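Written below as structure tokens is the structure these notes are about.
Just so you know, these numbers come straight off a predicted model, no measurement behind them.
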Amino acid sequence: MTGQAEDTKSQPTLLSSKLLLQHQAVEAALNRHVFVWKEIEKSQKRGISKTPRSHAVPVSEIVAIHHAEDEDHTKSKWDQKKKQQFSQLFPNSFTVFYVTRTKHHRWRCSEATFSCSSPELCEQWIQVTREQLSLLTNRPKRLLVYINPFGGKKRGRRIYEDKVAPVFQRAGVSADVIVTERANHARDHLTTEANLDQYDGVVCVGGDGMFSEILHGLVARTQNDNKVDQNRPDVELKPCMLRIGIIPAGSTDCICFATVGTNDPVTSALHIIIGDSQPMDVCSVHHNDVFLRYSVSLLGYGFYGDVLADSEKKRWLGPARYDLSGVKAFLCHNHYKGTVSFLPAEDNLGHPRDKLQCRFGCSICQHKQSSKEKLRETADEETAAEVSSSSSWKVICGKFIAINAANMSCACPRSPKGLSPSAHLADGTADLILVRKCSRLDFFRHLLRHTNTDDQFDHSFVEVHRVKKFHFEPLDPQPLLLENQSELPKKPGFCPMSSAQTTCIPSTAHSSWNCDGEILNHAAIQVSVHCQLIRLFARGIEEQQRV
């Protein structure tokens with residue numbers, strides 16, 4: 001409030017007048033940055049005088065302004081009746097819709113209806129405010145929306161129609177909606193058919209899997225349009241121009257939670273409306289110089305790969321399948337032999353244990369963005385120097401229970417700090433977490449720290465590195481020692497519960513890579529981090545909430 005008040009005084013006032021707000025006289029003022037109203041006088045009760053209240057809303061967080069008598073079909077019949085009665089008593093009124101913050105990083109669309117002394121004054125307030133909103137060129141006007149009707153609890157379409165579409169309509173944002181009919185429908189449509197020139201952004205309504213479809217479709221389309229060969233691990237990918245919005249409606253919404261701070265559809269819709277823009281790194285994954293997939297959150301080999309491989313057999317259980325498969329993988333307690341080689345990040349990009357979390361206005365990510373713009377012309381020289389300097393690569397061989405690469409914190413409601421609490425969204429690095437072979441109890445202690453505030457890397461069997469690139473090569477597996485070879489798992493890394501017919505897969509077998517919730521077909525991979533390849537309609541998690 002203090003900063004907004006100072007901004008109000010320093011900026012020339014565009015409009016100022018006395019208005020009525022809920023039968024209370026207020027002095028309202030608008031400049032280019034802030035809309036402020038303050039009570040002129042406050043009635044006294046029982047002889048106690050109260051300080052007049054004031055309120056300030058940044059113009060950037062005004063959703064819309066309308067005549068108060070405009071019909072609003074999103075309201076109940078009772079609210080519409082009250083609104084009609086109010087309009088009859090105060091015919092010259094306008095309503096301002098604006099963002100307010102509640103607990104746990106949630107946003108809401110609040111409203112304030114002001115009454116004017118004349119219709120001319122009412123029109124002036126609406127016109128001048130809309131002129132200021134039109135200057136906010138970062139706001140989208142037309143969106144391409146993909147809805148996954150099958151993900152999560154199959155609530156995607158209802159969430160969009162009931163909670164998101166009305167807010168878009170109020171803000172004057174038009175949307176072309178496509179309800180997907182099959183897996184990769186959105187990806188294929190974006191890659192080949194969509195006319196992206198007519199849109200200001202792409203929105204996915206679903207979980208992390210749906211976001212992955214949008215990511216792959218948009219990145220592939222951008223590379224194809226620019227004649228970039230995605231199969232080359234060392235190629236510099238072209239950044240995507242369109243921003244991506246995420247309306248959470250899936251089993252897991254890790255990406256939304258890590259970039260906004262909550263899995264709330266209305267909050268995400270408001271971030272889209274006001275035109276927030278959060279750059280994000282993307283990892284490209286290759287096998288023998290052949291492109292496999294992109295990743296923005298977690299690449300997990302060993303434990304998390306085993307969990308995913310087993311959970312795919314239990315999709316009928318819904319989100320509960322992850323809990324069951326997690327317990328099964330923990331009891332099997334497999335470890336895997338392999339070699340990890342990685343290229344460490346520069347010292348100025350911090351360390352995974354520095355406790356410097358990525359938040360709105362992150363200095364590390366902003367510094368990286370400015371550095372990237374300055375060095376864009378010398379990118380080829382930097383890449384050549386990076387490749388030739390083989391001595392800077394580090395190599396680690398051993399037995400691992402888990403190998404994780406986190407592009408972001410991977411925070412979620414169950415793990416508020418995530419797998420790597422200090423990972424950054426847009427610094428061009430990933431945090432490589434190596435969990436070596438240890439006892440089942442020690443590994444449980446490590447997993448438990450994902451749910452509390454203790455340093456989860458403070459174990460002798462855990463090490464973490466901030467990297468730009470890394471390679472993984474599994475050691476050749478020995479034959480599987482199953483008592484009944486007919487019970488051989490169809491997917492590597494699946495670990496059935498012990499029984500009279502089967503035993504767990506030996507520790508020398510391959511695991512699977514969990515790539516943002518999808519299983520990779522190869523264990524040997526090459527990974528490169530592409531700095532700020534995409535942008536989201538988000539702003540990062542705000543450090544302090546204004547309630």
Side-chain angles (χ1 to χ4, degrees), residues 212 215-216 218-224 226-240 255 279-301 338-346 349-350 352 364-365 368-369 371-372 375-376 378-396 403-408 410 420 423-434 464-474 513-516 518 520-535:
S212 182
L215 167 72
H216 283 80
L218 195 58
V219 173
R221 175 69 172 269
T222 303
Q223 309 319 309
N224 292 340
N226 289 275
K227 304 297 189 296
V228 176
D229 184 3
Q230 297 179 88
N231 286 317
R232 291 176 51 194
D234 59 341
V235 74
E236 182 182 1
L237 299 178
K238 297 295 182 181
C240 300
I255 299 166
M280 180 178 289
D281 299 337
V282 177
C283 282
S284 62
V285 186
H286 291 76
H287 170 74
N288 291 340
D289 296 340
V290 175
F291 171 73
L292 297 180
R293 287 189 69 84
Y294 292 113
S295 170
V296 295
S297 58
L298 172 68
L299 274 165
Y301 184 83
T339 300
V340 180
S341 54
F342 58 89
L343 181 66
E346 296 94 341
L349 294 177
I364 290 181
C365 294
K368 188 66 179 179
Q369 183 173 4
S371 300
K372 182 180 178 182
L375 298 175
R376 186 163 297 176
T378 60
D380 293 338
E381 290 81 354
E382 282 189 335
T383 302
E386 204 173 77
V387 173
S388 62
S389 180
S390 58
S391 60
S392 59
W393 281 75
K394 309 297 181 183
V395 179
I396 298 176
I403 299 174
N404 302 319
N407 254 37
M408 57 176 64
C410 298
S420 188
H424 290 269
L425 295 171
D427 64 345
T429 71
D431 287 353
L432 182 63
I433 307 166
L434 307 178
V464 59
H465 307 272
R466 185 152 289 170
V467 304
K468 293 190 201 175
K469 300 180 179 181
F470 77 92
H471 299 165
F472 174 73
E473 187 70 34
W513 278 100
N514 178 341
C515 180
D516 291 359
E518 297 291 333
L520 298 182
N521 295 326
H522 301 278
I525 60 172
Q526 307 154 285
V527 180
S528 298
V529 184
H530 300 270
C531 186
Q532 302 180 8
L533 187 65
I534 62 173
R535 287 182 173 268

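- Rounded to the nearest 0.5 angstrom, L343 CG and L432 CG are separated by 11.5 Å.
- The two residues R466 and L349 make their nearest non-hydrogen contact at NH1-O, 2.9 Å.
- Residues passing the side chain to side chain contact (heavy atoms under 4.5 Å, CB included) test with S295, sequence neighbours excluded: C283, L299, C515, D516.
- Closest non-hydrogen pair, D229 versus V235, comes out as O-CG1, 3.5 Å.
- Contact of the N407 side chain with the M280 side chain is not registered, since no non-hydrogen atoms from C-beta on lie closer than 4.5 Å.
- The side chain to side chain contact (heavy atoms under 4.5 Å, CB included) test applied to H471 returns S341, W393, Q526, not counting sequence neighbours.
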Worked check of side-chain contact (heavy atoms from CB on, under 4.5 Å) between E346 and K468: CA-CA 9 Å; E346 296 94 341; K468 293 190 201 175; 2.7 Å; yes
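- The aromatic rings of F472 and W513 stand perpendicular to each other, their planes meeting at an angle above 60°, with 30° marking the opposite boundary.
- The heavy-atom pair separating V340 from I403 by the smallest distance is CG2-CD1, 3.8 Å.
- Side-chain atoms of N231 come within 3.5 Å of backbone N or O of F291 as a donor-acceptor pair.
- Annotation: the span from D281 atom CG to S297 atom OG amounts to 12.5 Å, rounded to 0.5 Å.
- I534 is not listed as a side-chain neighbour of L218, based on a closest heavy-atom distance of 4.5 Å or more.
- Nearest heavy atoms, S528 versus P233: OG-O, 3.5 Å.
- With sequence neighbours left out, Q230 forms a side chain to side chain donor-acceptor pair (under 3.5 Å) with Y294.
- Annotation: the span from I525 atom CD1 to E473 atom CD amounts to 10.5 Å, rounded to 0.5 Å.
- Shown here for P239 and Q532, the closest heavy-atom pair between the two residues is CB-O, 4.2 Å.
- For N521, there are no side chain to side chain contact (heavy atoms under 4.5 Å, CB included) partners two or more places apart in sequence or in a different chain.
- With sequence neighbours excluded, no residue forms a salt bridge (charged side-chain N to carboxylate O under 4.0 Å, His left out) with R293.
- Rounding to the nearest 0.5 Å places NE2 of H424 at 3.5 Å from CD1 of I364.
- With sequence neighbours left out, the side chain to side chain contact (heavy atoms under 4.5 Å, CB included) criterion links H522 to H287, L292.
- Among residues two or more places apart in sequence or in another chain, the ring-ring contact (aromatic ring centres under 6.0 Å, His included) test is passed with F342 by H465.
- Take T429 and apply the side chain to side chain donor-acceptor pair (under 3.5 Å) test, not counting sequence neighbours, and it matches D427.
- Take N404 and apply the side chain to side chain donor-acceptor pair (under 3.5 Å) test, not counting sequence neighbours, and it matches no residue.
- Closest heavy-atom contact between A426 and C531: O-SG, 4.0 Å.
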